[in-house]
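These notes are about the structure you will find just below.
Proteins get letters first, then strands, A, B, ... in listed order; numbering begins at 1 in each. Below, all heavy atoms of this structure are taken into account, side chains as well, without hydrogens, waters or symmetry copies.
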There are 2 protein chains.
Amino acid sequence: MDSKDKLRKAGLRPTKQRMIIANILLDGVNRHFTAENLQDEINSSGNSMSIATVYNCLKKFRNCGLIKQIETSNDTAIFDTNTHQHHHFLNEETGELIDIEDDEINLKSLPKIPQGYYSNGVEVLIKLKKQD
Amino acid sequence: MDSKDKLRKAGLRPTKQRMIIANILLDGVNRHFTAENLQDEINSSGNSMSIATVYNCLKKFRNCGLIKQIETSNDTAIFDTNTHQHHHFLNEETGELIDIEDDEINLKSLPKIPQGYYSNGVEVLIKLKKQD
DNA sequence: AAGTAGTTTAGAATGATTTTAAAGTGAAAA
DNA sequence: TTTTCACTTTAAAATCATTCTAAACTACTT
Ligand SMILES: [Mn+2]
Ligand SMILES: [Mn+2]
Ligand SMILES: [Zn+2]
Ligand SMILES: [Zn+2]
């Protein structure tokens, strides 16, 4: 399935700009990135795109479930092409994130979800500090 | 132990401004708040403080372990007076956070911490959506 | 009382993200 | 195929949380 089909299937009109981004992000390789990271990759692929469009596309991709945004109090939003439930180590000094696969963490006994709500995902974050 | 002693014990010089904040935050009641929330409380307590000082104090308090900052991709930093390890439900629509006590979640089999690092805290976030 | 490092502050600066509004474009209808 | 129009892109301005600057202040030590 090519990028155009992936966009159509996600309900997004396949514009030139979204195709460029889909070609970079939806290659099956898991990556964590910021809007600026992505714009740099777009530039080095010989294309260019306004930062407003990068943000517009990331929001659309996120709302469609093509990517997700990681819950971190970093001052720059970090996105993730791994859309399966999984978790992260966070190096608080550098901001670096490392994936933890879902089966590496055994979450027994989740608390009762408040009345009228349902769980829309569980994220475990393990904050790391350098020894000594 | 009064606010002055708590500040001294934490290694902070007890200034007028830090006392005002300590009186509000360190009363044993758990709360989640932003810098602006806190400034509003300061104002309604009959005091006033520049927003720079609010941020300065919050950073000092956080670095001393008197409060902590919650890992959330909210665009405004959220602080927590509950400094014990615990977890949260996040209502993604409203940004509201609800505490989950540490013993309500059973985290068996944590993954191996990367070489040269140690775990500086585990945060579980359960994202909630409204039913229907 | 004097000295000094640490603190507060108003206001400016920063930096990520969003908004604006005008021009462009994809897809459906005619 | 041409027309149409809602959706998209863009540069530039705006927004907004947070940090910085530099001058005035203050808690503690001597
Ligand atoms: Mn922030
Ligand atoms: Mn943000
Ligand atoms: Zn990941
Ligand atoms: Zn809490």
**Request:** Calculate the interatomic distance between B:N74 atom CG and D:dT18 atom P; express it in whole Å.
**Result:** 9 Å
**Request:** Not counting sequence neighbours, which residues clear ring-ring contact (aromatic ring centres under 6.0 Å, His included) with A:H32? List them please.
**Result:** A:H88
**Message:** Is it true that B:D80 and B:Q69 share a donor-acceptor pair across their side chains at a distance under 3.5 Å?
**Reply:** no
**B:L58 CG to D:dT19 C1', straight-line distance once rounded to whole Å** = 14 Å
**Request:** Rounded to the nearest angstrom, tell me the gap between atom CG in B:D75 and atom C1' in C:dT19.
**Result:** 15 Å
**Item:** Contact list for DNA chain C against residues 1-21 of chain B - heavy-atom distance below 4.0 Å
**Value:** B:R13, B:T15, B:Q17, B:R18
**Prompt:** Given atom CD of B:Q69 and atom P of D:dT18, what is their separation to the nearest angstrom?
**Reply:** 8 Å
**Request:** State, to the nearest 10°, the angle formed by the axis through the first five base pairs of the helix from C:dA1-D:dT30 to C:dA30-D:dT1 and the axis through its last five.
**Result:** 20°
**Message:** Can you list, in residue-number order, the parts of residues 41-53 of chain A that come under 4.0 Å of DNA chain D, counting heavy atoms only?
**Reply:** A:M49, A:S50, A:A52, A:T53
**Request:** Could you list the residues that satisfy side-chain contact (heavy atoms from CB on, under 4.5 Å) with A:N23, not counting sequence neighbours?
**Result:** A:S3
**Asked** Under the side-chain contact (heavy atoms from CB on, under 4.5 Å) test, which residues partner A:T94, sequence neighbours left out?
**Response** A:N91, A:E96
**Request:** Round to a whole Å and report the spacing from CG of A:N56 to P of C:dT17.
**Result:** 13 Å
**Fill in**
To the nearest angstrom, the CG-P distance between A:L38 and C:dT17 comes to 12 Å
**Message:** Just to verify, what does B:T34 make a side chain to side chain donor-acceptor pair (under 3.5 Å) with, not counting sequence neighbours?
**Reply:** B:N37
**Asked** Other than B:V29, what residues sit in its cluster of Ile, Leu, Val, Met, Phe, Trp and Tyr side chains whose heavy atoms are under 4.5 Å apart, directly or through others?
**Response** none
**Prompt:** Which ILVMFWY residues can you reach from A:M1 by hopping between side chains whose heavy atoms are under 4.5 Å apart?
**Reply:** none
Donor-acceptor list for residues 121-132 of chain A side chains, cut-off 3.5 Å, not counting sequence neighbours:
from	atom 1	to	atom 2	distance (Å)
A:E123	OE1	A:E71	N	3.4
A:E123	OE2	B:K127	NZ	2.8
A:K127	NZ	B:E123	OE2	2.8

**Prompt:** What are the two closest heavy atoms between B:S73 and A:I70, and how far apart are they?
**Reply:** CB-O, 3.6 Å
**Request:** Starting at atom CD of A:Q39, determine the distance to atom P of D:dT10, rounded to an integer number of angstrom.
**Result:** 10 Å
**Message:** It should be established whether A:K60 places a side-chain nitrogen or oxygen under 4.0 Å from OP1 or OP2 of nucleotide D:dC7.
**Reply:** no
Side chains of residues 52-61 of chain A: which donor-acceptor partners sit under 3.5 Å, not counting sequence neighbours?
from	atom 1	to	atom 2	distance (Å)
A:T53	OG1	A:S50	OG	3.1
A:N56	ND2	A:A52	O	3.4

**Prompt:** A:N63 CG to D:dT8 P: how many Å, rounded?
**Reply:** 12 Å
**Asked** Applying salt bridge (Lys or Arg N to Asp or Glu O under 4.0 Å), which residue pairs with at least one partner in residues 9-38 of chain A are found, sequence neighbours left out?
**Response** A:D27-A:R31, A:R31-A:E41
